[in-house]
Amino acid sequence: MTERKIRVLVAKPGLDGHDRGAKVIARALRDAGMEVIYTGLRQTPEMIASAALQEDVDAVGISILSGAHKTLCPRIVDLLRENGMDDTLVLVGGIVPKEDIDELKTKGISEVFLPGTSTEDIVRYLRENVRETA
Amino acid sequence: MLQGDLIERVLAGEPRAVARAISLVEDTGPGASGLMKAIFPHTGKALVVGITGAPGAGKSSLVDKLALHYKDHGEKIGIIAVDPSSPFSGGAILGDRIRMSALGTDKNVFIRSMATRGNLGGLSRSTVDAVAILDAAGFDKVIVETVGVGQDEVEIVKAADVSVVVLVPGMGDDIQAIKAGIMEIGDVFVINKADREGVIRTQKELEALLSLAHRPDMWDPPIVKTVATESKGIEDLSAAIERYAAFNASEHRSAKIRKRAIAKWRLLELLRERLLADLLSGNGAGERLEGLSRDVAEKKLDPYSAVESLLSGAKQ
């Protein structure tokens with residue numbers, strides 16, 4: 001009877017302390033009816049993967065502005081897959097040079113959202129791409 | 001994941017299976033009731049500790065430190081942290097993990113955030129089931145943190161063996177205002193942030209209030225002072241929890257009556273849910289509900305007639 005809720009982990013890996021973007025996204029997803037787990041600043045890839053596993057999320061949104069995306073993001077994907085979370089989407093938002101996007105996608109990142117992306121686009125992307133059945 | 005397989009893996013304590021099982025009951029997915037039936041015989045081993053109190057009282061920090069304490073004693077700990085859903089969008093931001101990040105990667109700790117999904121009372125509809133899943137998966141302690149509550153969010157007694165009510169100094173006369181409701185369900189009281197001014201006054205007021213209350217089981221709820229952020233008083237809290245758990249396990253008459261009342265409460269809740277689900281799954285019932293809601297909102301119809309119309313429609 002109850003509809004399946006989309007659950008999303010919004011994570012801030014690495015050392016940059018700018019979480020306004022992450023909070024804006026968290027709020028937009030909440031307003032779109034999703035359940036957002038927010039874990040706070042300075043998370044290691046291990047902490048993020050472990051939270052994603054326990055919370056059984058459909059997607060992990062990584063907010064990253066520090067430039068460490070090429071190391072941290074693929075590491076998070078690998079840890080998720082090790083945990084058996086094969087169909088969990090991994091989205092990246094933040095400052096990512098255009099030339100890095102393809103490389104991230106070959107390493108399992110589903111989509112990269114650059115500054116200026118509207119929150120509606122992210123909501124739509126999640127609704128269209130999250131696996132249908134539990 | 002196949003149903004039988006999932007149950008086996010939950011009982012083996014596999015984190016992925018435990019997480020999926022909780023989602024299944026939360027979403028009332030196919031096989032959810034079958035899962036809970038299979039799990040039931042394996043429950044009753046864990047000590048379930050409920051932590052409740054006003055927003056900002058320091059519940060999450062207290063849960064964090066209490067879990068660390070249990071972990072240091074070699075126990076496996078499951079944590080369920082409940083936060084409110086937005087009444088408008090149905091979404092939620094669940095932020096209790098922020099204060100528990102030291103525990104996040106520990107293999108012996110499993111933290112799950114749950115949104116209330118419209119349930120009042122301080123828990124979500126499926127919190128009791130999630131507790132049972134963690135219990136069956138072999139966690140020694142299950143800690144349930146309710147949403148920040150006011151006066152009447154007392155559902156925690158349904159989920160927990162021991163209910164801990166957290167207060168902070170400076171609530172002053174506010175304690176008077178909450179003499180019923182959550183003040184009645186506390187098996188253990190905590191005055192957190194006990195390094196703040198006014199702690200003695202709060203304690204005196206709490207003692208005065210508790211001395212007026214007579215619990216049917218004659219238990220005298222202890223008051224523990226803590227400073228969660230500095231890990232102070234956590235040993236005392238743990239000891240107080242154990243004391244009540246031992247007292248409650250002694251199977252005296254009033255404990256039995258209380259357990260039966262809680263079981264009845266739970267059955268009525270499930271019955272209500274099931275009847276409602278059956279009623280609304282009928283042909284066109286969903287649209288009829290929408291249509292009638294519109295009529296009521298526009299004052300064309302009173303809600304009582306609307307409900308009668310829904311019920312008579314369901315019988316046809």
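Order of the sequence lines sets the chain letters (A, B, ...), proteins ahead of strands, with each chain counted from 1.
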Could you check B:Arg16 against A:Leu53 for side-chain contact (heavy atoms from CB on, under 4.5 Å), going step by step and ending with a plain yes or no?
CA-CA 6 Å; B:Arg16 174 88 174 128; A:Leu53 174 74; 3.8 Å; yes
If you count heavy-atom pairs under 4.5 Å between each of B:Thr105, B:Asp83, B:Leu94, B:Ile22 and chain A, which one has the most?
B:Leu94
Out of B:Ala92, B:Ala19, B:Ser281, return the one with the most heavy atom pairs under 4.5 angstrom to chain A.
B:Ala92
Under a 4.0 Å N-O cut-off, is there an ion pair linking A:Glu55 with B:Arg97?
yes
Assess, by modelled atom type and distance only, whether the side chains of A:Asp31 and B:Ser89 contain a donor and an acceptor separated by less than 3.5 Å.
no
So how far is it from B:Ile111 CD1 to A:Ser50 OG, rounded to the nearest 0.5 Å?
7.5 Å
Roughly how far, to the nearest 0.5 Å, is CE of A:Met34 from OG of B:Ser86?
13.5 Å
Mind listing the closest non-hydrogen atom pair of B:Val109 and A:Gln54 along with its distance?
O-NE2, 3.1 Å
Can you name the closest pair of heavy atoms from A:Arg4 and B:Asp27 and give their distance?
CG-OD2, 3.1 Å
Would you say A:Glu35 and B:Met114 make side-chain contact, with heavy atoms under 4.5 Å?
no
If you count heavy atoms of other groups shown closer than 6.0 angstrom to [atom1] of [X], is the number above 12?
X: B:Leu267; atom1: CG; answer: yes
X: B:Arg266; atom1: CZ; answer: yes
X: A:Arg81; atom1: CZ; answer: yes

Whatever's closer than 4.5 Å to a heavy atom in chain B on A:Met47 counts as both
Less than 4.5 Å to any heavy atom of chain B: does that hold for the side chain of A:Arg42, its backbone, both, or neither?
neither
Using atom types as modelled and distance alone, determine if a side-chain donor or acceptor of A:Lys5 lies under 3.5 Å from a backbone N or O of B:Ala115.
no
Checking heavy atoms, do the side chain of B:Ser113, its backbone, both or neither come under 4.5 Å from chain A?
both
Quick one: of A:Ala49, A:Ala32, A:Ala26, who has the most non-hydrogen atom pairs under 4.5 Å with chain B?
A:Ala26
May I have the step-by-step check of side-chain contact (heavy atoms from CB on, under 4.5 Å) for A:Asp56 and B:Arg112, ending in yes or no?
CA-CA 9 Å; A:Asp56 191 30; B:Arg112 179 64 174 240; 3.7 Å; yes
Kindly determine whether A:Tyr38 and B:Ile98 satisfy side-chain contact (heavy atoms from CB on, under 4.5 Å), including the steps that lead there.
CA-CA 7 Å; A:Tyr38 182 59; B:Ile98 296 174; 3.7 Å; yes
